[in-house]
Amino acid sequence: MVQQTLKDIFSNYVSSANIIFKNKDVLSHNYVPEVTYHREEQIRQLANILAPSLKGHGVSNCFLYGKTGTGKTLVARNVTSELKKTNNNINILYINCKMKKISDTEYRLLAEMSRLLGKEVPPTGLPTDAVYNVFLSAVENLGGNLILILDEIDALVNKIGDEILYNLTRINQNINTTKVSIIGISNSVSFLETLDPRVRSTLSEEEIIFPPYNYNQLKDILKQRADMAFNDGVIQPGVIEKCAALAAQEHGDARKALDLLRIAAELAEREKSPKVEIRHVDMAESKLDSDRIIEIVRMQPKQSLAVLAAIIRLVESKQEDIQTGDVFSIYEEICSRTGLKILTQRRVSDLIAELDMLGIINTRVISKGRYGRTREIRITLGEPITENIKKILRENYLL
DNA sequence: GTCAATTCACATGAAAGAGACCACGGTCTAGTG
DNA sequence: CTAGACCGTGGTCTCTTTCATGTGAATTGACGA
């Protein structure tokens, strides 16, 4: 019986899968298209900066910034891979600093870079300077040029400070066989200002700005990908326009536009609808939001969930302006009921701030004059998402 | 009525501890020839 | 003799606590008009 239903599901999937999608991978974040629309200027600038490496000369460090989904990573990867095709002596090292387990500590970053250069480093146990030496010798053996792309470099600096960048920018002084240059990529324009002046001046010898895409540009990009991704005539008129419009509202994020299109199509496919319609885009939009939040909540450690449960209980009891102190006392209650260890208020305060950062709750630090200074906590998520969060909390016996 | 001082309830920072994980090198032990 | 088990040491990492300092406006109280 079970076997039969499984068979049905799979065979249904196989027979229906091709109605809509021709090549789904095209819509993924990692896909690098041959032609990059509306970034010709940036490509030209970056290519000019990196060109001297083709003749074995050193290259200026360079800093790319612009909001998420404005094509920074795409341009960087595109130009550098083209560079490598032309001259094999150029080595490209791409590191996404946002990825956990890499950017958490200096050690891990160095270990990851060494690993990419072919030197395995144990995940822990070695002194950091030992790993640094491993990395240095790996770079030294490389020869030629090494272009280090540090994507989401602001995440790195937030976590472990800018000392590592200082060391990296000075690497050329310790090594003469290999010429190292760095391409830093950041979402935040103000990031440079937070850096140590010495690092700032070396890192941003050249700067390239990526403005947000506007509606028409997003439409072009989506059209290009949609042609490759979908079978002919599957996309109803207006769908691409809607995706582009929604993403344009949100600081012209091409990544979001692609996500919307992909999820809308997946929803249509699941419904066995032969076409992707505008209502699928609407569904995709709310799904995108809700999935992100739910996924984040699911990944939270038990203590954070307990704090969240306390907040939700206060919201349910219709209490106005919830404060850190209120949350803490409910939290204590929840902990003693479930046998969870009670953390200090200091720590709980940090957990609340983290939940805020993740976008699960909204907080604002306000001063109530004589009555102290505290965080005002609110939940702005919609009813359906909150219900899902409550389900997760109940699974953990916290509600 | 005006204005500086006070006060509250935390926020925020810094430092340090606990306990987990891991690598490495030395020592012990059991199995093999 | 040797491979593998075991142990101690020294390192990192994450979460947490402890201690210290900062914050901003309502309230208070002294002062002068």
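Letters A, B, ... are given to chains in the order of the sequence lines, protein chains preceding strands, and every chain is numbered from 1.
Residues meeting the salt bridge (charged side-chain N to carboxylate O under 4.0 Å, His left out) test with A/Glu241, sequence neighbours left out: none. In this structure A/Asp291 satisfies the salt bridge (charged side-chain N to carboxylate O under 4.0 Å, His left out) test together with A/Lys287, sequence neighbours excluded. In this structure, the salt bridge (charged side-chain N to carboxylate O under 4.0 Å, His left out) partners of A/Lys390, at least two apart in sequence or on a different chain, are A/Glu316, A/Glu387.
One finds no salt bridge joining A/Glu295 and A/Arg292 here, because no Lys/Arg side-chain nitrogen approaches an Asp/Glu carboxylate oxygen to under 4.0 Å. In summary, A/Asp259 and A/Lys256 do not engage in a salt bridge, as defined by a charged side-chain N under 4.0 Å from a carboxylate O. Between A/Lys242 and A/Asp282, at least one side-chain nitrogen of the basic residue sits less than 4.0 Å from a carboxylate oxygen of the acidic one, meeting the salt-bridge criterion.
Rounded to an integer number of Å, the gap from A/Arg108 CZ to B/dC21 P is 14 Å. The separation between A/Tyr107 atom OH and B/dC21 atom C1' is 11 Å, rounded to whole Å. Counting to the nearest Å, the C1' atom of B/dA9 and the CG atom of A/Asp326 are 11 Å from each other. The distance from atom CZ of A/Arg373 to atom C1' of B/dT6 is 17 Å, rounded to the nearest whole Å. Distance, A/Arg375 CZ to B/dC8 P: 22 Å, rounded to whole Å.
A/Thr178 pairs with exactly one of A/Val139, A/Leu136, A/Asn141 by the side chain to side chain contact (heavy atoms under 4.5 Å, CB included) rule, that one being A/Val139.
For A/Phe230 and A/Phe21, the gap between ring centers is short of 6.0 Å.
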(request) Give the B/S/- string for nucleotides 25-30 of chain C, one per nucleotide from 5' to 3', where a protein heavy atom under 4.0 Å of the base yields B, of only the sugar-phosphate yields S, and otherwise -. (result) BBSS--
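Going from atom CD1 of A/Ile149 over to atom CZ of A/Arg77 covers 7.0 Å, rounded to the nearest 0.5 Å.
Within the cation-pi definition used here (under 6.0 Å to the ring centroid, within 45° of the axis), A/Arg39 qualifies as a partner of A/Tyr213.
For DNA chain B, the residues of residues 330-360 of chain A within the heavy-atom distance limit of 4.0 Å (strictly under) are A/Gln345, A/Arg346, A/Ser349, sorted by number. Within a heavy-atom distance below 4.0 Å of DNA chain C, the residues of residues 298-317 of chain A found are A/Gln303.
Contact annotation: the side chain of A/Ser53 never approaches that of A/Asn87 to less than 4.5 Å [non-hydrogen atoms, C-beta and beyond].
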